[in-house]
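Computed from heavy atoms alone, side chains included, the values below leave out hydrogens, waters and symmetry copies. Because the structure is predicted, anything quoted here is derived from the model rather than measured. Here is how names work: the chains are called A, B, and so on, in the same order as the sequence lines, proteins then strands, and each is numbered from 1.
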2 protein chains.
Amino acid sequence: MKNRIKELRAKKDLTQDQLAEKLEVSRQTIISLERERYNPSIILAFKLAQIFNCKIEDIFIYEEEK
Amino acid sequence: MKNRIKELRAKKDLTQDQLAEKLEVSRQTIISLERERYNPSIILAFKLAQIFNCKIEDIFIYEEEK
DNA sequence: ACTTTAAGTAAAGCTAACTTTACATTAAGT
DNA sequence: ACTTAATGTAAAGTTAGCTTTACTTAAAGT
């Protein structure tokens, strides 16, 4: 699943480390998400939407890929 | 995390079994989700939103609970 | 009474999400 | 040249989402 995390994070001028702290996850998790190595839990998705002040659908692009 | 799956499923007049098939998951998964025993993956959340024709935020209520 | 359908529990197993640690690379500052 | 900050890789470990199988319960139909 594609996502705009890197882009949105840059817009907020946050480092991966800072974003990780806000989300209460490890930096590795941010890296892996941005690199689209795996999909987030729905809880992480909600937290991201909260931080970026938008909808989950604005961050993640679901394309039926499974 | 709270959700309205049972309610929305009833509105669509689907059994747990039928919903499970549409989502390509097991019936156990539907039961566990409706009973709020665990949170879905973001992919399942997207699929549910697709089937119920609404936003993820209309199905799941995020309350900061962790 | 018997059968069927829908919803439920329980428990063992698999896999993907997430953590932790350690090390590498590149760019910028001094 | 050296240091620091930010991003990245790799690999081993834990946990939570999901599967599978087997059995239970309650309601509805015949």
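For Arg37(A) and dT9(D), the shortest distance from a side-chain N or O to OP1 or OP2 is below 4.0 Å. The side chain of Asn39(A) places an N or O atom within less than 4.0 Å of a non-bridging phosphate oxygen (OP1 or OP2) of dA17(C). Taking 4.0 angstrom as the limit, Gln28(A) places none of its side-chain polar atoms (N or O) nearer than this to OP1 or OP2 of dT20(C).
On a pure distance criterion of 3.5 Å, no polar donor-acceptor pair joins the side chain of Glu34(A) and the base of dT7(D).
Minimum interatomic distance between Phe46(A) and Phe60(B) (heavy atoms only, all atoms of both residues): CZ-O, 3.6 Å. The two atoms that bring Asn39(A) and Leu33(A) nearest to each other are C-CD2, 4.2 Å, heavy atoms only.
For Arg27(B), whose side chain is taken as the heavy atoms from C-beta onward, the closest listed nucleotide among dG8(D), dC18(C), dA7(C) is dA7(C). Nearest nucleotide to the side chain of Lys6(A), out of dC18(D), dG8(D), dT19(D): dG8(D). Distance from the side chain of Val25(A) is smallest for dT19(C) among the nucleotides dG8(C), dT19(D), dT19(C). You'll find that the side chain of Thr15(B) is closest to dA6(C), out of dC18(C), dA6(C), dT7(D). Candidate nucleotides dT19(D), dG8(C), dC18(C) were compared by shortest atom distance to the side chain of Ser26(B), and dT19(D) ranks first. Comparing atom distances between the Arg35(A) side chain and each of dG8(D), dC18(C), dT19(D) picks out dG8(D) as nearest.
Atom CD of Glu21(B) is separated from atom P of dA7(C) by 14 Å (rounded to the nearest Å). At whole-Å resolution of the value, CD1 in Ile42(A) and P in dC18(C) are 12 Å apart. With rounding to whole Å, Gln16(A) atom CD is found 12 Å from dT9(D) atom C1'. In this structure, Ile30(A) atom CD1 and dT20(C) atom C1' are separated by 15 Å, rounded to whole Å. In this structure, CG of Asp13(B) is placed 16 Å from P of dT5(C), rounded to the nearest angstrom. Atom pair Tyr38(B):OH and dT15(C):C1' shows a separation of 13 Å (rounding to whole Å applied). Per the geometry, CD1 belonging to Ile5(A) stands 15 Å off C1' belonging to dT7(D), to the nearest Å. Atoms CD (Glu36(B)) and P (dA16(D)) sit 17 Å apart, rounded to a whole Å.
Interatomic distance, CD1 of Ile30(A) versus CG of Leu23(A), reported as 5.0 Å (0.5 Å rounding). Rounding to the nearest 0.5 Å gives a distance of 9.5 Å between NZ of Lys12(A) and CG of Leu8(A). Between atom CD1 of residue Ile5(A) and atom CG of residue Leu44(A) there is a gap of 8.0 Å, rounded to the nearest 0.5 Å.
Of the two residues contacting DNA chain C, namely Ser41(B) and Ile31(B), the nearest-nucleotide position lying further toward the 5' end is that of Ile31(B).
Contacts of Ser32(B) classified as side chain to side chain contact (heavy atoms under 4.5 Å, CB included), with partners at least two apart in sequence or in another chain: Gln28(B), Arg37(B), Tyr38(B).
Remark on the helix from dA1(C)-dT30(D) to dT30(C)-dA1(D): inter-end axis angle 30°, axes from five-pair C1' superpositions, rounded to 10°.
The one candidate from Arg9(A), Arg4(A), Lys6(A) that meets the side-chain hydrogen bond (donor to acceptor under 3.5 Å, both in side chains) condition with Glu34(A) is Arg9(A).
The residues Arg27(B) and Glu21(B) are annotated as not salt-bridged, no charged nitrogen and carboxylate oxygen being separated by less than 4.0 angstrom.
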